[in-house]
Visitor: 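Got a structure for you, written out below as structure tokens; questions coming shortly.
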Amino acid sequence: MQFYQKLSSIGFFRNSYVFKFLFVAFIGIHIPLIGILFFVLFAKTNFTTTSLLVFSLVMTLIATAVTLLVLKKLIQPIELASKALNEYKLKRIITDLPIHF
């Protein structure tokens, strides 16, 4: 919930769950592009097409993994609510949920 709490402290993310997801997806999409840009601009040696292709693939895989991990953290409030609903439905236990978001 720490990541969700940090995003919620930013002004325009405070009241919009959609903007939080959009932000994370936007950053995740652009990580490979920024990496390729830096690779092309600041490569010390001449690079081949193959090395650029491999670098692009690696950056895309890393960005995908990081984006999925961050999105998993972002859906924690939904998972907590779902778990609380199931506990109430099956065992009639009322779970304390964070209400300040």
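As the structure is a prediction and not an experimental result, all values here were calculated from the model.
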Visitor: Holding to salt bridge (Lys or Arg N to Asp or Glu O under 4.0 Å), I want the full list of residues that pass it with Lys83, two or more places apart in sequence or in another chain.
Guide: none
Visitor: For a quick test of reading the model, state the closest non-hydrogen atom pair linking Tyr17 to Pro77 and the distance between them.
Guide: OH-CD, 4.3 Å
Visitor: Treating Ile, Leu, Val, Met, Phe, Trp and Tyr as nodes and any side-chain heavy-atom pair under 4.5 angstrom as an edge, say whether Leu37 and Ile34 lie in one connected cluster.
Guide: yes
Visitor: Tell me the closest heavy-atom pair linking Phe21 and Ile75, and the distance in Å.
Guide: CZ-CG2, 3.3 Å
Visitor: Between Leu33 and Phe55, is there a shared hydrophobic cluster once you connect ILVMFWY residues whose side-chain heavy atoms come closer than 4.5 Å?
Guide: no
Visitor: Judged by atom type as modelled, is there a donor-acceptor pair below 3.5 Å linking the side chain of Ser82 to the main-chain atoms of Ile78?
Guide: no
Visitor: Just how far is it from atom CZ of Phe26 to atom CZ of Phe19, taken to the nearest 0.5 Å?
Guide: 13.0 Å
Visitor: How far does CG of Leu52 sit from CD1 of Ile36, to the nearest 0.5 angstrom?
Guide: 6.0 Å
Visitor: Which residues pass the side chain to side chain donor-acceptor pair (under 3.5 Å) test with Ser51, sequence neighbours left out?
Guide: Thr48
Visitor: Salt-bridge test for Glu87 and Arg92: reply yes if a basic N is under 4.0 Å from a carboxylate O, no otherwise.
Guide: no
Visitor: Indicate the ring-plane relationship of Phe39 and Phe47, choosing parallel, tilted or perpendicular according to the 30° and 60° boundaries.
Guide: tilted
Visitor: Is it true that Ile27 and Val24 fall in one hydrophobic cluster, defined by side-chain heavy atoms closer than 4.5 Å?
Guide: yes
Visitor: Is it true that Val58 and Leu53 fall in one hydrophobic cluster, defined by side-chain heavy atoms closer than 4.5 Å?
Guide: no
Visitor: Taking atom CG of Leu41 as the centre, report whether more than 12 heavy atoms of other residues, nucleotides or ligands fall under 6.0 Å from it.
Guide: yes
Visitor: Show your reasoning for whether side chain to side chain contact (heavy atoms under 4.5 Å, CB included) applies to Ile62 and Ile31.
Guide: CA-CA 9 Å; Ile62 290 171; Ile31 287 173; 5.9 Å; no
Visitor: First locate atom CD of Gln76, then atom CG of Leu71, and finally report the distance between them rounded to the nearest 0.5 Å.
Guide: 12.5 Å
Visitor: How long is the straight-line distance from CG of Asn86 back to OG1 of Thr95, given to the nearest 0.5 Å?
Guide: 10.0 Å
Visitor: How many angstroms lie between atom CG of Leu68 and atom NZ of Lys73, to the nearest 0.5 angstrom?
Guide: 13.0 Å
Visitor: So, taking the atom named CD1 in Ile29 and the one named OG1 in Thr60, what distance separates them when rounded to the nearest 0.5 Å?
Guide: 11.0 Å
Visitor: Please report the closest heavy-atom contact between Thr67 and Gly28, naming both atoms and the distance.
Guide: OG1-CA, 3.1 Å
Visitor: With clusters built from Ile, Leu, Val, Met, Phe, Trp and Tyr whose side-chain heavy atoms come within less than 4.5 Å, directly or transitively, what are the remaining members of the cluster of Leu69, listed by chain and number?
Guide: none
